[in-house]
Amino acid sequence: MLDVELRERLARLGYGRATTGTSRVIETSSPDQASRAVPRVPGQHRAVAGEPACFVAESRYAVDHDHGEVVLSDLLTHTGAAFRPLVPDPRVLELDFSRAAFVDCETTGLAGGTGTYAFLIGVGYFVGGSFHVDQFFMRDPGEERGVLLALRETLGERNAVVTFNGKSFDWPLLETRHIYHRIRLAPDDPIHLDMLHPSRRLFKRRLGSCALSSLEVGVLSLPARNGDVPGWQIPGLYFDYLRRGDAGPLTPVFEHNRLDILTLAALTLKVARHATDPVAAPPEHALDLMCLGRAFGDVGDFEIALRCLERARAIMSEPDEEIRACVAALYKRMRNYATAADVWHALVAEGALSIEPYVELAKHAEHRLRDYARAAVLAEQALAVCSSRATTARDGRVRAELIHRLARLRRRQGIA
DNA sequence: AATCAACGAAATCTGCAATC
DNA sequence: GATTGCAGATTTCGTTGATT
């Protein structure tokens, strides 16, 4: 007797076999479920064994659906291996997008801890070539357990998640809510690609801000969202809904969440393309190419890095000093000091604004060419550049190093 | 407000070469 | 041969920024 009861309770907690079956589907018009309004968006109520049903908004996109200049299903031609130069976590290389879930949560606030919970959990995933977005909605905080168990049926079939800032925000939050309800989060310890970080790596230099909305405009060329809900308003809109029961004002929140998922998938594809083949599918902006070149250089792919930097120079309209400094730094890392010196030399000859080429050439002259007189001249030039401009803390240090360097060089030349 | 990965700067280690 | 000083590599520490 006790055994049966225990089994049932465990099943409800998501540990038993009972929950492996599919949800029963309840039509939206079902009278007992319609008691609390939900936004007028396509969807249905889903319930897991013994739990009250929760509302799941459903959007389906055909194989050829495009969003931000890309066709989402093209992601299936890529794997996580594309992100090798941009993501240090080796598990990401194994990521298979047909088994991944794109996750984004709308929550009752930004603060962590038990006070914050997700009232709308958007999950994007591929079914065949088409892309589905399911949005699990909590009509009442008392419904959370049911929402998490329904979520489990969709998410549990995946072994990877793709998020935006989800390593810091969405995923830990979902973990906390699952622990609170003593439900095992599935997938447990998934492969996690957090697109914030590779995006920063690639686009920060050009765009400055790497908020998802900035990337949407600056990378995917989508128009700025018209009438979109600002994130800070979202918790308030949900609390109003809980008080008044009017679901209308939540419709734009569903829309916001749905678009965030589509943008996340499109951004993932765009970055995957650039990083897979920077020659055939290069970023169109010189600064993005420069960052991509740096990333390849950092993982030791010098040939690809050089090609990125050369192309970046070719399409750069403004002064390209920064890109050339990258090229020189790359040759130095390749231990091709002669070529590096040629590049620094050209920069110095043109009166480079940055001190780096002067300092690097001074090192080169002293330690490789053993031309102390030349090294001293370069160190002096570097000092002059240093003093000719506003001094930051860093400049102060570089200056001190240069004075030290110059003193040593004069000793070596026999000058007191 | 809480969190966390990435990045840059600073600190430390390693190996080489000059000097006495 | 021991000491010194450097550059480059590696490790550690602190800061930044994105999420609702």
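Both backbone and side-chain heavy atoms feed into the values below; hydrogens, waters and symmetry mates do not. So that the names make sense, note that chain A is the first sequence line, chain B the second, and so on, each numbered from 1. Everything numeric here is computed off the predicted structure, so don't read it as measured data.
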K.L.:
Under 6.0 Å from the ring centre and within 45 degrees of the ring axis: does the NZ or CZ of Arg368(A) meet both conditions for the six-membered ring of Tyr337(A)?
P.N.:
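Output yes; distance and angle both within limits.
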K.L.:
May I have the distance from Leu207(A) (atom CG) to dG17(C) (atom P), rounded to whole angstrom?
P.N.:
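After rounding, the reported distance stands at 14 Å.
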K.L.:
Does a side-chain N or O of His367(A) approach OP1 or OP2 of dA7(C) to a distance below 4.0 Å, or not?
P.N.:
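True: His367(A) side-chain N/O within range (under 4.0 Å) of dA7(C) OP1/OP2.
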K.L.:
Is there a side-chain contact between His404(A) and the phosphate of dC6(C), meaning an N or O under 4.0 Å from OP1 or OP2?
P.N.:
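So the side chain of His404(A) is within the cut-off, an N or O lying under 4.0 Å from OP1 or OP2 of dC6(C).
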K.L.:
Over all strands shown, is Asp260(A) touching base, sugar-phosphate only, or nothing at heavy-atom distances under 4.0 angstrom?
P.N.:
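If one applies the 4.0 Å heavy-atom cut-off, Asp260(A) turns out to touch the sugar-phosphate alone, with no base involved.
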K.L.:
Let's see if you can work this out: which of dT19(C), dT20(C), dA7(C) has an atom nearest to the side-chain heavy atoms of Pro235(A)?
P.N.:
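Of all the options, the side chain of Pro235(A) is nearest to dT20(C).
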K.L.:
Does dC6(C) have OP1 or OP2 sitting under 4.0 Å from an N or O in the side chain of Arg408(A)?
P.N.:
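Yes, within the criterion.
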K.L.:
Where each residue is assigned the nucleotide of DNA chain B containing its nearest heavy atom, which of Leu86(A) and Phe169(A) is assigned the position nearer the 5′ end?
P.N.:
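So the residue in question is Phe169(A).
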K.L.:
Using whole Å, what does the distance between atom P of nucleotide dA9(C) and atom CG of Asp298(A) come to?
P.N.:
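From Asp298(A) CG to dA9(C) P: 12 Å.
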K.L.:
To the nearest Å, how far apart are Leu361(A) CG and dA7(C) P?
P.N.:
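After rounding, the reported distance stands at 14 Å.
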K.L.:
Taking CG from Asp194(A) and C1' from dA18(C), how many angstroms apart are they, rounded to a whole number?
P.N.:
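Those two atoms, CG and C1', are 9 Å apart.
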K.L.:
His132(A) and Ser59(A): side-chain donor and acceptor closer than 3.5 Å?
P.N.:
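Not at all, the side chains of His132(A) and Ser59(A) share no donor-acceptor pair under 3.5 Å.
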K.L.:
Hey, is the side chain of Arg368(A) poking within less than 4.0 Å of OP1 or OP2 on dG8(C), counting only N and O atoms?
P.N.:
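Answer is yes, contact under 4.0 Å.
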K.L.:
In whole angstroms, how far is the C1' atom of dC16(B) from the NZ atom of Lys363(A)?
P.N.:
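These atoms are roughly 16 Å apart.
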K.L.:
Could you check whether any side-chain N or O of Asp194(A) sits under 3.5 Å from a backbone N or O of Gly166(A), counting only pairs where one atom can act as donor and the other as acceptor?
P.N.:
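At least one qualifying donor-acceptor pair exists.
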K.L.:
Looking at Tyr241(A), I'd like to know if the NZ or CZ of Arg36(A) sits under 6.0 Å from its six-membered ring centre while staying within 45 degrees of the ring's axis.
P.N.:
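Yes, cation above the ring, under 6.0 Å and within 45°.
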K.L.:
In whole angstroms, how far is the C1' atom of dC4(B) from the CZ atom of Phe164(A)?
P.N.:
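Value for this atom pair: 14 Å.
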K.L.:
Near Glu284(A) CD, under 6.0 Å, is it more than 12 heavy atoms from other residues, nucleotides or ligands?
P.N.:
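Not buried by this count: 12 neighbours or fewer within 6.0 Å.
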K.L.:
Which of these nucleotides, dA18(C), dT20(C), dA7(C), is closest to any side-chain atom of Arg200(A)?
P.N.:
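For the Arg200(A) side chain, the nearest candidate turns out to be dA18(C).
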K.L.:
What nucleic acid atoms does Ser209(A) come within less than 4.0 Å of, heavy atoms only: base, sugar-phosphate, or nothing?
P.N.:
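Answer is sugar-phosphate: Ser209(A) comes under 4.0 Å of backbone atoms only.
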K.L.:
Nearest-Å distance, CZ (Arg177(A)) to C1' (dT20(C))?
P.N.:
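Between C1' of dT20(C) and CZ of Arg177(A): 15 Å.
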K.L.:
Report yes if at least one side-chain N or O of Arg333(A) is closer than 4.0 Å to OP1 or OP2 of dA7(C); otherwise report no.
P.N.:
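Answer is no, no contact under 4.0 Å.
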K.L.:
Which nucleotide wins on minimum distance to the side chain of Asn165(A), given the candidates dA7(C), dA6(B), dA18(C)?
P.N.:
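From the listed options, dA18(C) comes nearest.
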K.L.:
Side chains of Arg374(A) and His364(A): any donor to acceptor distance under 3.5 Å?
P.N.:
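Distance-only check fails for His364(A) and Arg374(A).
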K.L.:
For dT16(C), take OP1 and OP2 only and decide whether either is under 4.0 Å from a side-chain N or O of Lys204(A).
P.N.:
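For Lys204(A), the contact criterion (side-chain N or O under 4.0 Å from OP1 or OP2 of dT16(C)) is not met.
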K.L.:
Regarding Arg294(A), tell me which of base, sugar-phosphate or nothing describes its non-hydrogen contacts under 4.0 Å with the strands shown.
P.N.:
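If one applies the 4.0 Å heavy-atom cut-off, Arg294(A) turns out to touch nothing in the nucleic acid.
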K.L.:
Could you tell me whether Pro88(A) contacts a base, only the sugar-phosphate backbone, or nothing, with contacts defined as non-hydrogen atoms closer than 4.0 Å?
P.N.:
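Sugar-phosphate: the residue Pro88(A), judged by heavy atoms under 4.0 Å, touches backbone atoms but no base.
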K.L.:
What's the closest nucleotide to the side chain of Tyr337(A) if the choices are dG8(C), dA6(B), dA7(C)?
P.N.:
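Selected nucleotide (nearest to the side chain): dG8(C).
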K.L.:
Rounding to an integer number of Å, can you tell me how far Leu196(A) CG sits from dA6(B) P?
P.N.:
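Distance check: Leu196(A) CG to dA6(B) P gives 9 Å.
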K.L.:
Among dA17(B), dC7(B), dA18(C), find the nucleotide with the atom closest to the side chain of Arg370(A).
P.N.:
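Nearest listed nucleotide: dA17(B).
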